[in-house]
Amino acid sequence: MSKNTRVPGYMQSKAARNARGIIGDREIRFKCSLQNTILDVLRGRPGWQEVPGPNFQQQNMQQNSRPAAGSQTSTQPPDGKGNKTGYQPVPPIQRNSDGDWDFYWCDREWLHQNYDTMFLHEHQKILHFRNHYELTRKNLMVKNLKRLKKQTEREQGKSEGLSFDFHPTTYELPSEYHIFVEEFKRNPGITWIMKPAAKSQGKGIFLFRRLKDITDWKKGEYQPLTDTTREVPETYVVQRYIENPYLIGGRKFDIRIYVLVVSYNPLKVWLYRDGFARFSNTRFSLDSIEDAYVHLTNVSVQKNAPDYDPEKGCKWSTLRLRQYLSAKHGSEAVKKVFKGIDNIITKGLQSVQKIIINDKHCFEMYGYDILLDDDLKPWLIEINASPSLTASGKEDYELKFGLLNDLLNVLDLENRLTGKEKRIGGWDLLWDDGPVLADDGNMECTTNGTSVTTANSFLGCHNDRKRQLREIYTSAQAIKKT
Ligand code: ADP
C-alpha cells in the first residue's frame, strides 16, 4: 500500500489495533443508517445486536417491530408505545465512539464526513470505500474506463481494446462540450441522452436530437453564472442513446445486477445469481422521446406511470430472463450475453482498481445497470454504490433479504467458513486476483451437460441458496475440526 493511500488504523500498534480483540463468542454489534430490508436482515441475524446509530431514536423504538421475513413492507414506523425491552440509549459520548460496533451499514455522506478521522479496530467492517464515486459517478466511470482502454491498447494492442466497447459514446459537460458538438455533427439525426453526473432515479434526464435543444438547456443552466450568488452549474454527461434496445412484449428493460467487492488489492469480486430486469410500462417507440415512461426503466420513474399496476410491478427475475432468452436464441447465444456481462463487471472494477483507496475494513455492494440491444449486445449504463434496498413487492423483498443475508455470510464476521469457498449462498466468486473457474459438476447453466471448465459465474441460474449454505457450513465445520 502506498503512503498516500494509508488509512487511520493501519499505523496503530498491534496492541492498540487488537485492544478489543477479535469478536470471539460475544454478540456482533451492528449499526445501520437505513430503514429498509438491510435493517430487517441485521435485526434478524442470530447473535447480532443493534447498537445506537444515527437513527438511534427511531431504531430504539422499533426494537420489537420487525416484520416477518417475506412480508411486503420493510421496517415498520415506530409504534409510539415506547421501549419495553429495557434497551436504553447510551450517553452521547459513547454514541460517538468508533469502537462500539463491529459492522456498520452506513450511508455515503456519513463515511465522507467521518472516514478520515476514524480509527478502525482490526475486526470492524464498514460499507463503502472512501472514494467509491470514482466508479459510481457517471462522468468518472467513463473517464476511468477510457483510460484503462487506452492503457490496454498501448500495452496489449488495439484488438484488446475492443473488449472495452461496452459503454455508449459519452462526453462530460460542460468540459467536453466542443468535442461533443463535433461528434454530434458527424452523426446527424441520432438520439442523445443528457444525465446529471451525480443524480440517480432518472432525475434531470432528457433525450434530444437537435443541438438547439441542448443550447436552450445550456442557456438556462449556465446563464446564472453571471449571477454570482448562484451555484456553479452541475456536471452532466451526454451519451449516445441506444435506439435499438432488446424488447420483450414491445417494452424496453435494463438489468440490475449485484456485485460485491471485498477487496480492491488484490481484487476480489462476488457476483449474485439473482437480479432482475426492470421494464418500462409503455411500449417502446422513438417517436416520443420526451416520454420518460417509454425510455427510462428506473422503478422510481415507472411506478408513477398512470397505468402502473403495483401488483404486477415491472420486474422479471434474471432467471426468468435467462430462460426466455435461451428459449428464443439458444444457450450458446445466451452464454455469450452473460460472458459479455462478466467482462463488463470485471473491466469496470479494474478501471478503478489502482484509484480506489483500498482498506481491509471496507466492502462495497454495487448495483450494475446493463441494457441489451437487439443484437443481444450488453451495454453498461451505470454503476450504483447504493442500489435500492427497498422492496417493491414480496418477491423483491425475498430477493433482497437473501442477497443481504448472503452478503453477511460472505463477510463471515462469525468466522464459520474456511475462506476458500467459491460459492456462498447466492454469491459466486467471480474474480480472485484473476478469473475464477467453476468446479466440475457445478454446471447448472449448461444445457449439454458436458464437463467443460467455465467461469465461476451463474447470473440468472437457479439459486438454491439455503441448501448450499447448509452444505458449506457442514463441510467447513468438519474441516475446522480436523
Ligand atoms: P439514473 O442514475 O438517474 O438512474 P441512468 O444512467 O441509470 O440514470 O439512466 C436511467 C435510465 O435511462 C436507465 O435505466 C435506462 O433505462 C435509460 N438510459 C440511460 N442511458 C441510456 C442510454 N445511453 N441508452 C438507452 N437508455 C438509457
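For the numbers below, each heavy atom of this structure counts, side chains included, while hydrogens, waters and symmetry mates do not. Computed from a predicted model, the values in this text were never measured in an experiment. As the structure lists them, so they are numbered: ligands from 1, and atoms in each ligand from 1.
In this structure, L407 and F363 have side chains that are in contact, with non-hydrogen atoms separated by less than 4.5 Å. Taking 4.5 Å as the limit, some side-chain heavy atom of M118 sits within range of a side-chain heavy atom of L120. At a threshold of 4.5 Å between non-hydrogen side-chain atoms, the residues L403 and D274 do not count as touching.
Contact annotation for I205 and ligand 1: only side-chain heavy atoms (C-beta onward) come within less than 4.0 Å of the ligand. If you look at I193 next to ligand 1, the close heavy atoms, those under 4.0 Å, all belong to the side chain. Under 4.0 angstrom from ligand 1, the non-hydrogen atoms of R240 all belong to its backbone. Only side-chain heavy atoms of K195 come within less than 4.0 Å of ligand 1; its backbone N, CA, C and O stay farther off. Contacts between H295 and ligand 1, counted as non-hydrogen atom pairs separated by less than 4.0 Å, involve the backbone only.
Close approach of ligand 1 to P168 (heavy-atom distance below 4.0 Å) involves ligand atoms 23 (N).
Nearest to atom 26 (N) of ligand 1 among the protein's heavy atoms is K252 NZ, 2.9 Å. Nearest protein heavy-atom contact of atom 10 (C) of ligand 1 is N298 OD1, 3.2 Å. Protein heavy atom in closest approach to atom 25 (C) of ligand 1: Y241 CE1, 3.2 Å. When only non-hydrogen protein atoms are considered, atom 24 (N) of ligand 1 lies nearest to I242 N, 2.9 Å. When only non-hydrogen protein atoms are considered, atom 14 (O) of ligand 1 lies nearest to D254 OD2, 2.9 Å. Looking from atom 3 (O) of ligand 1 to the surrounding protein, the closest heavy atom is G202 N, 2.7 Å. The protein non-hydrogen atom at the shortest distance from atom 15 (C) of ligand 1 is T297 OG1, 3.7 Å. For atom 7 (O) of ligand 1, the closest non-hydrogen atom of the protein is E382 OE2, 3.1 Å.
Just one of I345, N456, L260 meets the side-chain contact (heavy atoms from CB on, under 4.5 Å) condition when paired with L430; it is I345.
In this structure, F184 and F208 have parallel ring planes: the angle between them is below the 30° cut-off, well short of the 60° mark. Relative ring orientation between H112 and H132 is described as parallel, the plane-to-plane angle staying below 30° on a 0-90° scale split at 30° and 60°. Between Y104 and W110, the two ring planes are perpendicular [angle over 60°; tilted spans 30° to 60°].
Side-chain contact check for N139 and T235: no donor-acceptor pair (N or O, by modelled atom type) lies under 3.5 Å. Checked by atom type, the side-chain pair R45/N405 shows a donor-acceptor distance below 3.5 Å.
Evaluation of the side-chain hydrogen bond (donor to acceptor under 3.5 Å, both in side chains) rule for K203 yields Q201 as partners, not counting sequence neighbours.
Considering R137, K138, Q239 only, the shortest heavy-atom separation from atom 22 (C) of ligand 1 involves Q239.
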